[in-house]
Amino acid sequence: MEALISILFHGLAYAMILYIVSVGLSVTMGLMGFVNLAHGVFAMAGGYVTVRLMNAYAVPFGLALLVAFVAVALLSVVLERTLYARLYGAGELEQVLFTIGLIFMSVAIVRYLWGPSPQPVHLPAVLSGQIDLGIRSFPTYRTFLIVVGLLLIALLWLGVERTNFGAQLRAAVDNRRMAESIGIDTRRLFSLAFALGSGLAALGGGLGADILAIYPGYATEYLVYFLMVVAIGGLGSLRGPFVAALLLGFGDTACKYLVPELGAFFVFAAMIGLLLWRPAGLFGRA
Amino acid sequence: MHPIDTLLARHRFRAIELLPWLIAVAVYFVFGDYLPLGSQILIMILFALSLDLVLGYAGIVTLGHSAFFGVGAYAAGIYAAHVSGEPLSGLVLAACAAAVVGWLSGLVVLRTTGLTLLMLTLAVTALLAEAANKAGFITGGADGLQGMDIRPIFGLFRFDLFGRTAYLYCLAVLFLAWLFARRLVHSSFGRSLIGIRENTARMHAIGSPVRRRLLTIYTISAALAGVAGALLAQTTQFVGLTVLGFQRSGEIVIMLVFGGIGRLYGAFVGAGIYMIAQDQLAKLEPAFWYFWIGLLLVLLVMFARGGVLGLIDRILRR
Amino acid sequence: MTAALETIGLHKRFGALIVANDIHFRLDAGARHALIGPNGAGKTTLVNLITGRIPPSAGRILLGGDDITALPQAVRVRRGLGRTFQINTLFRGLSVLENVCLAVGEHHGIGGDMLRSLAARRAVLEGGYALLERLRIADDALTPVRELPYGRQRLVEIAIALGLRPTVLLLDEPAAGVPSTEIAIILDVIEQLPDDIAVLIIEHDMELVFRFARRITVLVQGSVLIEGTPAEIAADARVREVYLGEGHHG
Amino acid sequence: MGFRASAVGAVCIAICFVTAASAQTVKLGVINTYSGPSANLGEQLDRGIRLYVKQHEKDLPPGVKLEIIRRDDTGPNPEVAKRMAQELVTRDHVQLLAGPIYSPNALAIAPIATEAKVPFIIMNAGTAVITTKSPYIARVSFTMWQSSYPLGVWAAKNGIKKVFTAVTDFAPGIDSEAAFIKGFTEAGGQIVGSVRMPVNNADYVPFMQRAKDTTPDAVYSFVPAGKDAVAIMKAFGDLGLKQAGIKLIGPGDLTTDEELPGMGDVALGVVTAHHYSAAATRPANQAFIKAYKAEFGTNEEPSFLVVDAYDGMAAIFHVIAAQQGHIDPDKTLELLKGWRNEDSPRGPFMIDPATRDVVQNEYVRRVEKVNGQLANVEFETLPMVKDPWKEMNPPK
């Protein structure tokens, strides 16, 4: 029982980070059909902005996260307009190569600026230690992650369900040509969705800095996990990656807890099985 | 000239195709100090060549080709460490092992396309890497496989410290592989792969067993990649988990793309330039090596999709 | 007599949407048959069902009397079922001659041959070239397809299908996008097809349909509305209402 | 005729002279990790080399010059390391080899050292077997057994009865686990659970949770220094193992002096055994720290990697000086065997004449705050520890 609660709790915290980072990738891949391997770069950038602001300028955690969100969203829109947009409709190989190129460059840049070591993270004192939730105590930081994660997700889903932007986005993911024919400016929509997705990734990077260490290898080391969330969840969906992130979070945590000898073996095998069963992912359209 | 003859002439052997081999032989005599690097370049050329068959010709965008390189390396390594140090039989065994893995994973992976295919190739590689990591009792796990004692080739040519034997051995194997690959891409089968790359739907509609063709080339390519891996294992007498790494898969794609995909010689140009540049430049500022590679990739995608050979083509045509 | 091609109760659903509803359809050897109907009637779906591009929800397909419902596309093609596509589906990076020769090669059964020498392929190349001459595109034999105007590409589309020497040929809007000056070439080619080939043509160009077809089937919302001779179709009030009345697509 | 002969003779003499003079440039090949995720470790090692050379270049015999040729093995990439060694030997004709961070790399280089007869000074790689793989290898760093085995004995004798072990699943981790368990159980301790964690692991919380659930007195852990050490420390703190009265112990890689300031208060009270601590108050160490900070910045702390490389250079300078720059491989090894250094920042150490492995003090340290900074404070010294693994596995 203790074990089960632990697994669920830690799995959930891990899943939140995975989801917040990856959801943007799912939407942009679904919307633009763009294989963006460099998505992790935005999460890494968000992590660096957050941590550097806190360490070097003593900016409060919340404000640092906000700055990271805005800064990375703006940066991503510049990249999208100047570079990504040229490759819409190009082959997968070109997109893969281009985004690998971006990864290499960004890794070299952050290494040059801040060195190869992981950035030390000093969270506010309220977030350290344990919090008693009645049943038992839980690590405060992870509880905070789960709460913030759920709030963000609620906000995101409400936004996509209730706002005009959300309606246009759903229409464009559904049928881009149709959406264009009823006068939706899909180019603008792409840019907005891209910025939002990258901003969320940055937020995920900053929020999760204490779980997924911020160092130059970030963009490659965790890439496989972000891609797994998207591939298993299905492109262009909000719900899909959520379920996938939960599966991955619970699965990975349970494996480490119960059968550490198997390592990542189970996770990869499960993914192969899932994708064979549903090649377009759990919530993707074939 | 009649169009048919023009077309046939394109498949005929041209003198310029001898150039890489002349260079390779010249290197042996002129740059005797650089043969260990030379051997690794030859191995990477072979690996890139095998990738060209699936990526360049059949259009399968994979990020998991190191799976086969790794299986070949481990097969040859384990054979040498536990069974026999005879190199040629090790090479054959590695080719077979990689082919089997290629065929099995191809059965799964080739049912899909796009992102799913990409993810599955990644997952297969990760799975194998994890297996190699966990089966430490036979693979050496994260510490790598040591203790291979490779016997002289034909019982005559010992692998020497200066890497002369290793270089010539790799060169001979690459030459044979090239002969085979060249024959393959100019055959009807090779042309039909290009057809699949250009338009899979149409290949179905002209009665081509697309899945079987893809599986065939995937298996062949896996075997060649396995031979490349085996060469690395035998010439360095070591196999580590990095042979199955994502980085190796990514780097080999980059090398091939630098050279130019679907051209057979892109592998030679790309792997050659990349490895030499890395050897020279990475020494000066290793961190920024990746910055320049990244920048070059972005520029390549934006302006020169055919790679170096594509650029040369364009210049010649002008 | 055995039909060259026959569908029995062919049915296809996508979720709640029925795109092919209990279609019984028969093509005899040597038939010159046209399939018409308004946009979205399910004409291309029917072709895709017959060729095996999509599996039916129910029903059977017979080719020369043999049940081919469960066979993969490629096997159907090798048994003599050829098609063209409504939207050009070509090997855009390859030359015109290579496009056609891929089909001819598959027909000769050497498509998977890994080692055959060039001399043996000469027959394939000559067969392909002869087709180009027939379609009057031999001048462009070595031009990459992507550099051809759309209308010329249409001819390549047909040449590829003919390279398979089919016994049943399904032409999906062969004249769509072809300039009027070149439609004549297509018409000539279709008229010169050997008599033993059964041809089904989907076409909006009514002039072409009535000149070519000896029988016509009208498809509306996935169902066969009527089948008959051109004269019967032209005279049918329902056809006028649902199709011809809506506007002449010519 | 006579003139000609003498001219030829003069030229010959000149050539001989030039050759002799140029032979006094000693070429040292360093194989180290300068790029990749663990480039920071390589930088530490290189700083040790640079610092020693800067301080002692003047002490070389007159006319003898040291040329250092650096090669990047890019991380735990033995095939690259091996090629680098091969190139250093065949292309650059180095007379001495030194390095690497990673044990697999050292193992891959060993056959080259043997075949080319080039003495190879191990400056970090800590897997016990390495020195047995070539007669030309001498180690100045440490072995995993050297710290983990005595720590096990120490723990059992100091009130720790039940231990959960969590190590990274590769040779040093497995070495360290085996050594600790042997030392601990021999001295009467009980192991309540063990886990081996994957090499590229992001989140250590599940493992620490599992440890917590077995309610041990202490968790023994070895993970690679750097981000893994930081991460496991965080997980340990987040889950409240400390509040539950569980101690964290391990070899010094857990709290390297370089990473320690970034770990936060959770590291307080962690007990480690290691051969070096930057907080040590020995005069030799204080002078060393001063020189280090002067060279690389006042906020920088040297880790054991710096000291190991620094002492490695001391060994190399010793053999160069003793041979006046004419390096003979076998003589070099004879010089190294039994060589003793009393003034290392780590205290006295020597190279075991029988095994060519290092013999040194192990210090039991506790993380405490010194002047507001976290530091590894030595509180017990285990003098001149030999590699226990070699004691238990004598060469046949």
Side-chain angles (χ1 to χ4, degrees), chain A residues 29-30 33-38 83 86-87 90-112 115-116 216 220-221 223-224 227-228 230-232 234-235 261-276 278-281 284 286, chain B residues 55-56 59-63 105 107-109 111-131 133-135 197 245-247 249-251 253-254 256-258 261-262 285-303 305 307:
Chain A
M29 270 192 184
F34 200 104
V35 183
N36 184 13
L37 299 184
L83 297 175
R86 291 157 155 257
L87 291 178
E92 276 156 44
L93 180 64
E94 277 81 22
Q95 299 175 346
V96 164
L97 291 169
F98 165 70
T99 49
I100 289 184
L102 282 189
I103 294 178
F104 279 12
M105 288 166 72
S106 59
V107 167
I109 289 170
V110 297
R111 188 178 184 275
Y112 178 75
T220 45
E221 185 169 334
L223 173 68
V224 180
L227 285 175
M228 271 165 84
V230 174
I232 293 174
L235 296 183
E261 308 78 41
L262 278 180
F265 203 83
F266 167 80
V267 173
F268 292 120
M271 177 174 105
I272 292 177
L274 268 173
L275 286 182
L276 274 184
R278 300 200 63 132
Chain B
L55 180 67
I60 304 167
V61 181
T62 166
L63 277 179
S105 67
L107 282 177
V108 174
V109 167
R111 290 168 50 158
T112 61
T113 55
L115 176 68
T116 313
L117 187 144
L118 210 66
M119 284 310 299
L120 283 176
T121 57
L122 272 176
V124 167
T125 316
L127 200 69
L128 286 169
E130 201 56 28
N133 186 18
K134 291 295 163 189
R197 179 190 76 199
F246 166 75
Q247 192 174 350
S249 290
E251 265 182 348
V253 173
I254 293 169
L256 180 60
V257 170
F258 276 168
I261 64 169
E285 183 44 274
F288 263 74
W289 163 247
Y290 281 104
F291 180 83
W292 296 117
I293 288 292
L295 185 66
L296 206 56
L297 261 183
V298 170
L299 293 176
L300 198 79
V301 172
M302 294 288 170
F303 304 111
R305 298 209 182 152

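Bear in mind that the values here come from a model prediction, so they are computed numbers and not experimental data. Note that these values count all heavy atoms, side chains included, but never hydrogens, waters or copies made by symmetry.
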Max heavy-atom pairs within cutoff under 4.5 Å with chain A, candidates V298(B), L63(B), L127(B), T112(B), goes to L127(B)
Between L83(A) and M302(B), is any pair of side-chain heavy atoms under 4.5 Å apart? yes
What distance do L128(B) atom CG and F268(A) atom CZ have between them, rounded to the nearest 0.5 Å? 11.0 Å
Would you please name every residue forming a side-chain contact (heavy atoms from CB on, under 4.5 Å) with L296(B), sequence neighbours left out? F258(B)
Which of L223(A), V224(A), L93(A) touches chain B most, by non-hydrogen pairs under 4.5 Å: L93(A)
M29(A) versus chain B, the contacting section by heavy-atom distance below 4.5 Å: side chain
Highest number of heavy-atom pairs under 4.5 Å with chain A among G59(B), A123(B), A129(B) belongs to A123(B)
Going by atom type alone, with no hydrogens or angles, which donor-acceptor pairs under 3.5 Å involve a side-chain atom of residues 96-106 of chain A and a protein atom two or more places apart or on another chain?
residue, atom, partner, partner atom, Å
T99(A), OG1, L37(A), N, 3.3
T99(A), OG1, Q95(A), O, 2.8
T99(A), OG1, V96(A), O, 3.1
S106(A), OG, L102(A), O, 3.1
S106(A), OG, I103(A), O, 2.9

Need one label for V257(B): side chain, backbone, both or neither, based on atoms under 4.5 Å from any heavy atom in chain A. side chain
In terms of heavy-atom pairs under 4.5 Å, which option from V253(B), L122(B), I254(B), L295(B) contacts chain A the most? L295(B)
Heavy-atom nearest pair, E92(A) first then G114(B), reads OE2-CA, 3.3 Å
Contacting region of V109(B) [heavy-atom separation from chain A under 4.5 Å]: neither
Which bit of L55(B) is near chain A, if near means a heavy-atom gap under 4.5 Å: side chain, backbone, both or neither? side chain
With side chains defined as the heavy atoms from C-beta onward, is the minimum distance between L227(A) and L118(B) less than 4.5 Å? no
Do the side chain of T116(B) and the main chain of P279(A) share a donor and acceptor less than 3.5 angstrom apart? yes
